[in-house]
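Working notes, beginning with the structure itself.
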Amino acid sequence: MASINTLSLYFILNLFFLLLPVNPLLAFSLKNCTILYKENISADVSVDCRSMNFVTVPDYIPKNTSSIQLGDNQLLSINRKDFHGMSKLVNLNLTVNKIAYVEQGSFIDLVLLETLDMGNNKLTIFHLPQLLTLNLKYISFTTFDTKNLPLNLSLSLKVLEISNSNLKILSIIGKISPYLQTVDVLLTDNSFDVIHKVLESLERLRDIQFECVDNWIEKGLLPAVCKIQTLRKLTISQSHFHNFTTDLASCAQLRELNLEDTFMDKLSKGSMQSMTQLRFLNLGYNFLTEVPGDIRSLSTLEILIMSANDMYGLKCDDFSNTTGLKELYLNINHITKLERCITENLVNLKVLDMSNNKLKEFGDSFKISLQKLEALDISHNPIRYLETDVFQYLKSLKELKVETYHFVDVPYFSGLENIQNVTIYLHTDRTFQSLQSNNDKPFSDVNTMKQLTLIGSSNTQWVPFNTIREMLRAYGDLGTVTVLNIYINYYEVETFELNLQLKSLTLSSTDLSYLSSKFFLPLPNLQHLDLSMSKLRSLDFLVQANLSALRYLNLTDNEISVINETVFQSLPSLRFLALDNNPFSCECSNAGFIHWVVTNPQTQVVNAHQYKCFFPVDKQEALLLEFDVQSCRDDGSFLYFISTSCLVALTLLSSFVYHFLRWHLTYTFHLFWAFLYDSRKGRKKDPHRFDAFVSYNVRDEGWVYREMLPVLEGEQGWRLCLHHRDFQPGKLWIDSLHNITDAIYGSRKTICVISRSYLQSEWCSREIQMARWGRCFSE
């Protein structure tokens, strides 16, 4: 049966190839580039061509592209034709290449270009219109002088990023200086004199960033920077800053300060007390063991980041005066307890991240304070049990991330009137309890939920299906469901029967090898489907899945080897298809799919030119789209199949006809023969030559001549037709039929001499049958 199906496929492919010849270029997908998927079809086009070893800019990038990523390639130069006609391009990334030459006029059509990133190349300056951001990091020139920039670039540039270990002369003066607002500098340690002069020339600078500037800090970088009165944002990173924090006192004009990753273990008292306008402070990824005391004086502070430090606890007065704080990030620390006295002053807090700590309890921290809290993350903490009313007082909460072992006794979301997005990390060990289906479901009063994410601790352990099902039924208005790393013992057809508004579904890192098409029938509005890493072997379930609105389909990292291209006929809206890391078979069974990938004008098959063959063994590591589908047309086995099938069918039909229908066919033949002769006689209007045709058996011939002939011809005067006397001799058997027919139609009557021998004769039987059917037409 399998061989017959395969041969039938060959026949279909032969016709398909004749009607649609293979095009060597993809009709919609880009070779080695990806058009990034966006929910809005009419949105700006973004193309990702990173890390593809391009030596030249590919010429198939759409002209209406607004963003291009070409970093991490081997580009040697930029030519005028590379970006010709791309008048909508806004962002262009050319970092980490080998660009040494840019042809004049290469960017002349880029009238909307705002950001150009050409870091880590070997280029010189070039003409650019209306550029707002210029990145020249890791470029090997020795001199940079803004006086050499084109006038239109000087007047528009607001962001400049520059770094170079070989740079000896750096000058940022002239027409660019009054308009430049952001400078990101990474230079050698011995170039402080250069940067000091640059800082003195920047009159309107609002944002400056430094990386790896240990020696500069020792030589007085901060006092020089703080003299820029227009400065509002300062970033220092990857530098040893811990001994110079007091230098910050003169930067009272700052509104944003980023000291992430500066090896700081403490912040000297008085370092920030003068910053009465500070709204953003990032002290993350340092070695602080407590909240610095100066933070208490920052009444204007709105965002505080202290992630990834060495804090083991919080004190009640840490945030006593920061009543304006809106976002607080204390994740990745060692905090063991969160008390009410810590949070009661955070009356305006909207975001709190306490994930990845060692919290074991919350007490009544969430019962009185934090009434304006909208986002809370307490995941990845060793909390095994929470009070049943722990969250119900957070009336403004919209987003919650939590970790759990129990469901039955912990109605986490009860009373959350505005909750929209919930992420639950499930520990699927023996202590896990399943949610029962009853009228007291802990989620029954939640009707604002839009997004639900369930993440398991291990896909080798299973979660009771009714736990997932009951949660989905409780959230009827869900728009997005994500289930990751959870092995569910089975999926019921009714799983999503109440989630008719679901538009995005992710079931990843699980086992869906027995998934049925009926599973998706209640989801006619589904647009985004991710089934990656789910052990899928076939896509046949999609044919009857009723996913007519589906636009995005991710099937990466599965076990799919053969794809029937007709599957995609049932997905008329599909725009984006990902199939990376599947064990494709490079055989004729995939020829139709390969042809569809190359020729379809609608669906982008991401990275299709990089798909490799897994079967057969002799073609492993070969590229799937390089498989010669034309060879499937020339396979003679299909002709052998057709000829053999026809011969077998003809033999069976002949046997059947001979055994069951031979007499029916004989009678039909006689009838037809009589009809033909009757029609011919009618046209010719032939007179009767004989009065009667005598039909008899040869054994009765003596009686006919002795008894019948003398009476009828001698006494009655009839002219009789006798086959031994009046038929033409010496003719084939078919002519004997003509003689009989002529005798019957040439005689007014037919006389049959009935005897035992007559009834046993086949020829006599034919004569009487022909006489019978002939009389039917003549009379």
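Only a predicted model underlies this, so the values are computations on that prediction, with no experimental measurement involved.
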For the residue pair [X] and [Y], establish whether any side-chain heavy-atom pair is separated by less than 4.5 Å.
X: Asn546; Y: Phe520; value: no
X: Leu89; Y: Leu112; value: no
X: Leu521; Y: Lys518; value: yes
X: Val567; Y: Asp540; value: yes
X: Leu550; Y: Gln527; value: no
X: Gln69; Y: Leu92; value: no
X: Tyr514; Y: Leu536; value: no
X: Asn93; Y: Leu116; value: no

I'd like to know whether Phe107 forms a side-chain contact (heavy atoms from CB on, under 4.5 Å) with Ile78, so could you lay out the CA-CA distance, the side-chain angles of the two residues, the decisive distance to 0.1 Å, and finally the verdict.
CA-CA 9 Å; Phe107 304 106; Ile78 301 297; 4.0 Å; yes
What's the spacing between [X] [atom1] and [Y] [atom2] if we round to 0.5 Å?
X: Ser509; Y: Leu531; atom1: OG; atom2: CG; value: 11.5 Å
X: Gln420; Y: Lys398; atom1: CD; atom2: NZ; value: 5.5 Å
X: Leu547; Y: Ser517; atom1: CG; atom2: OG; value: 9.5 Å
X: Asn554; Y: Asp530; atom1: CG; atom2: CG; value: 4.0 Å
X: Thr482; Y: Leu454; atom1: OG1; atom2: CG; value: 8.5 Å
X: Leu512; Y: Ser534; atom1: CG; atom2: OG; value: 4.0 Å

Show the nearest heavy-atom pair for residues [X] and [Y], with the distance to one decimal.
X: Ile99; Y: Met118; result: CD1-CE, 4.0 Å
X: Leu624; Y: Ile594; result: O-CD1, 3.5 Å
X: Asn381; Y: Ser355; result: ND2-CA, 3.9 Å
X: Ile419; Y: Glu399; result: CD1-N, 3.9 Å
X: Ser548; Y: Pro572; result: O-CG, 3.7 Å
X: Thr453; Y: Gln451; result: OG1-NE2, 4.0 Å

Determine, using ring centers only, whether Phe615 and Phe584 are less than 6.0 Å apart.
no
Side chain to side chain donor-acceptor pair (under 3.5 Å) partner of Lys612, the single match among Glu626, Glu621, Gln620:
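It is Glu621, the one option of Glu626, Glu621, Gln620 that forms the side chain to side chain donor-acceptor pair (under 3.5 Å) with Lys612.
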Going through the checks in order, is the side-chain contact (heavy atoms from CB on, under 4.5 Å) test met by Asn499 and Val481?
CA-CA 10 Å; Asn499 305 111; Val481 171; 5.9 Å; no
For the residue pair [Y] / [X], report whether a side-chain donor-acceptor contact shorter than 3.5 Å exists.
X: Asn32; Y: His609; answer: no
X: Asp557; Y: Asn581; answer: yes
X: Ser585; Y: Ser561; answer: no

Can you label the angle between the Tyr425 ring and the His380 ring as parallel, tilted or perpendicular, going by 30° and 60°?
tilted
Geometric class of the Tyr552/Tyr37 ring pair [parallel <30°, tilted 30-60°, perpendicular >60°]:
tilted
Given 3.5 Å as the limit, does a donor-acceptor pair link the side chain of [X] with the main chain of [Y], or not?
X: Thr651; Y: Leu647; result: yes
X: Asn558; Y: Lys535; result: yes
X: Ser508; Y: Ser532; result: yes
X: Ser66; Y: Val90; result: no
X: Asp511; Y: Ser513; result: yes
X: Lys63; Y: His84; result: yes
X: Asn590; Y: Cys588; result: no
X: Thr510; Y: Leu507; result: no
X: Asn97; Y: Asn73; result: yes
X: Asn582; Y: Ile560; result: yes

Does this structure show an ion pair linking Glu103 with Arg80, if we count only N-O contacts that are shorter than 4.0 Å?
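No, no charged N to carboxylate O under 4.0 Å.
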Table please: side-chain donor-acceptor pairs of residues 48-56 below 3.5 Å, with sequence neighbours left out.
unit_1	atom_1	unit_2	atom_2	d
Asp48	OD1	Arg50	N	3.1
Asp48	OD1	Arg50	NE	2.9
Asp48	OD2	Arg50	NE	3.3
Asp48	OD2	Arg50	NH2	2.8

Leu577 and side-chain contact (heavy atoms from CB on, under 4.5 Å): which single residue from Leu555, Asn600, Val606 fits?
Leu555
Could you tell me whether Gln610 atom CD has more than 12 heavy atoms of other residues or ligands within 6.0 Å of it?
yes
Candidate pair Phe568 and Leu574, rule side-chain contact (heavy atoms from CB on, under 4.5 Å), full reasoning:
CA-CA 8 Å; Phe568 303 109; Leu574 192 63; 4.0 Å; yes
Begin with the C-alpha distance, continue with both residues' side-chain angles, and end with the deciding distance and a verdict on salt bridge (Lys or Arg N to Asp or Glu O under 4.0 Å) for Arg537 and Glu559.
CA-CA 5 Å; Arg537 297 184 180 90; Glu559 301 173 8; 3.3 Å; yes
For the pair Asn607 and Leu579, evaluate side-chain contact (heavy atoms from CB on, under 4.5 Å) and give the outcome as yes or no after the intermediate values.
CA-CA 8 Å; Asn607 299 327; Leu579 287 162; over 6 Å; no
Let me see the working for Gln74 and Lys98 under side-chain hydrogen bond (donor to acceptor under 3.5 Å, both in side chains), right down to the final yes or no.
CA-CA 6 Å; Gln74 304 293 321; Lys98 299 179 180 179; 3.0 Å; yes
